[in-house]
Amino acid sequence: VQLQASGGGLVQSGGSLRLSCLVSGRTFNGLFGGWFREAPGKEREFVAASASRGATTYYSNSVKGRFAVSRDNTKNSLLLQMNRLSPEDSAVYYCAAGMDNGFFGIADYSSRWKYHYWGQGTQVTVSS
């Protein structure tokens, strides 16, 4: 299974970007997907996740209300719409996926150790 993230770039504060993650090697249907980010000198942190079934999504407090994660199983893709971006959102963004059998909530979906597959990062830079 391979994940390919795209859509990063340079944007001004207050602007928007849309990240895409294309899953190949198996169907995305049945996998849960998530986004993490890593800024220089900081730990990789959870951003958002989409459960494998239904429309359940999870967000970190820092992006809740500004970012929206969605999935398109017909296109084998995970998406992240990022609005009202600030310089604090600047980081390399990674998409990841796995199987969420037995998950109970955000504690599971926000743990990087629960993800089996990782894509390469895409750089997001927000200028002030």
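The basis for the numbers below is simple: all heavy atoms, side chains too, and nothing from hydrogens, waters or symmetry mates. One-based numbering along the sequence shown.
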Could you list all the ring pair (Phe, Tyr, Trp, His ring centres under 6.0 Å) pairs where at least one residue sits in residues 16-41, not counting sequence neighbours? Phe32-Phe103, Phe32-Tyr109, Phe32-Tyr115, Phe36-Phe46, Phe36-Tyr115, Phe36-Trp118
Hey, are the side chains of Val23 and Tyr117 touching, using non-hydrogen atoms and a 4.5 Å cut-off? no
Can you list every salt bridge (charged side-chain N to carboxylate O under 4.0 Å, His left out) pair that touches residues 77-86, not counting sequence neighbours? none
May I have all residue pairs that pass side-chain hydrogen bond (donor to acceptor under 3.5 Å, both in side chains) and include part of residues 12-25, sequence neighbours excluded? Ser16-Asn83
Can you name the residues that form a side-chain contact (heavy atoms from CB on, under 4.5 Å) with Val92, not counting sequence neighbours? Tyr94, Gln123
Nearest heavy-atom neighbours spanning Ala97 and Leu3: N-CD2, 3.8 Å
What residues, two or more places apart in sequence or in another chain, satisfy side-chain contact (heavy atoms from CB on, under 4.5 Å) together with Gln120? Gln4, Ala5
Suppose we screen for salt bridge (Lys or Arg N to Asp or Glu O under 4.0 Å). Which residues come up paired with Arg37, at least two apart in sequence or across chains? Glu45, Asp89
Members besides Leu22 in its Ile/Leu/Val/Met/Phe/Trp/Tyr cluster (side-chain heavy atoms under 4.5 Å): none
Any pair with a residue in residues 71-80 that passes salt bridge (charged side-chain N to carboxylate O under 4.0 Å, His left out), sequence neighbours left out, goes on the list, sorted by first then second residue, please. none
Arg26 side chain vs Asn29 backbone, donor-acceptor pair below 3.5 Å: yes
Considering non-hydrogen atoms only, spot the tightest contact between Tyr59 and Ala48 and give its length. CD2-CB, 3.6 Å
Can you measure from CZ (Phe67) to OG1 (Thr57) and round to the nearest 0.5 angstrom? 14.0 Å
Just jot down the salt bridge (Lys or Arg N to Asp or Glu O under 4.0 Å) partners of Glu38, sequence neighbours excluded, or say none. Arg44
Who else is in the cluster with Leu10 when I, L, V, M, F, W and Y are joined by side-chain contacts under 4.5 Å? none
By side-chain contact (heavy atoms from CB on, under 4.5 Å), Ser70 pairs with (sequence neighbours left out) Leu79
Which atom pair, heavy atoms only, marks the closest approach of Pro87 to Ser128? CG-CB, 3.8 Å
Establish whether Val63 and Tyr58 are linked, either directly or via other cluster members, by ILVMFWY side-chain heavy-atom contacts under 4.5 Å. no
Scanning both residues in full, the closest heavy-atom pair of Gly8 with Val124 reads CA-CG2, 4.1 Å
Give me each pair satisfying salt bridge (charged side-chain N to carboxylate O under 4.0 Å, His left out) with a member in residues 112-128, each pair once, sequence neighbours excluded. Asp108-Lys114
Roughly how far apart are Leu17 CG and Thr125 OG1, rounded to 0.5 Å? 9.5 Å
